[in-house]
Amino acid sequence: MFELPSLPYGMNALEPYISEKTMEFHYGKHHRAYVDNLNKLIRDTEFENMSLEDIVKNTADRKEFAGIFNNAAQAWNHAFFWKCMQKNGGGAPQGELLKKIEKDFGSYEKFREEFKTAATTQFGSGWAWLAEKNGKLSVIKTSNADTPLAHGYKPLITIDVWEHAYYLDYQNRRPDFVDAFLDHLVNWN
Ligand code: MN
């Protein structure tokens, strides 16, 4: 049985960039539903006692387990997403990670542009990521519940670009939500 992980901050901590109302729905209803559905789907199956990461990896690309994958991946993605933000966050990272971004993207600004493009051009529901594979950083986007975790990447930062993540606060202005994430919320720690 999985439990909804507690938020690393209060429901109103990310205002005005993400409202308490959005958090009540996004964390309190959407994220909770993924965890509840997963628990129902894995009961009395081979996945019942696996870690969330192992369930994601072992159900990826297996049509017969699509329902379990979708809910497990969304449970993982959301738990990770909350940790990618903080009050008074935003801006470039420091130290080793900044050096690595400069090496692999040319500059923080180039990374920022690539990440924003991925987040705004993901068609329909999905996620944009900074992820690492074989020692190299890259920006990738995934559809629906899909996650780099299922493809051998180590996820470093993500933004949820499902409409439920921003519609109450930004309506159709997804680019403004992505700017707010990058400039005021992202938590590189
Ligand atoms: Mn979401």
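First listed ligand is number 1; within each ligand, the first listed atom is number 1.
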Subject >> Salt-bridge criterion met for Asp36 and Lys29 (N-O under 4.0 Å) >> reply: no
**OP:** Measure the shortest side-chain to side-chain distance between Leu156 and Trp188 over non-hydrogen atoms and say whether it is less than 4.5 angstrom.
**Re:** no
Original post:
Does NZ belonging to Lys83 count more than 12 external heavy atoms closer than 6.0 Å?
Top reply: no
Return all side-chain donor-acceptor pairs below 3.5 angstrom for residues 2-18, not counting sequence neighbours, or 'none' if the list is empty.
residue, atom, partner, partner atom, Å
Tyr9, OH, Trp82, O, 2.8
Glu15, OE2, Glu20, N, 2.8
Tyr17, OH, His184, ND1, 3.1

**OP:** Provide the protein N, O or S atoms situated under 2.8 Å from the Mn ion (ligand 1); waters are not included.
**Re:** His26 NE2, His78 NE2, Asp160 OD2, His164 NE2
Can I get a per-line list of side-chain donor-acceptor pairs under 3.5 Å for residues 138-149, giving both atom names and the distance, sequence neighbours left out?
residue, atom, partner, partner atom, Å
Lys141, NZ, Thr121, OG1, 2.7
Thr142, OG1, Trp129, NE1, 2.9
Thr142, OG1, Asp146, O, 2.7
Ser143, OG, Gln122, NE2, 3.2
Asp146, OD1, His151, NE2, 2.9
Asp146, OD2, His151, NE2, 3.0
Thr147, OG1, Asn77, OD1, 3.0
Thr147, OG1, Leu149, N, 3.4

Original post:
Other than Phe123, which residues form its hydrophobic cluster under the rule that side-chain heavy atoms must be closer than 4.5 Å?
Top reply: none
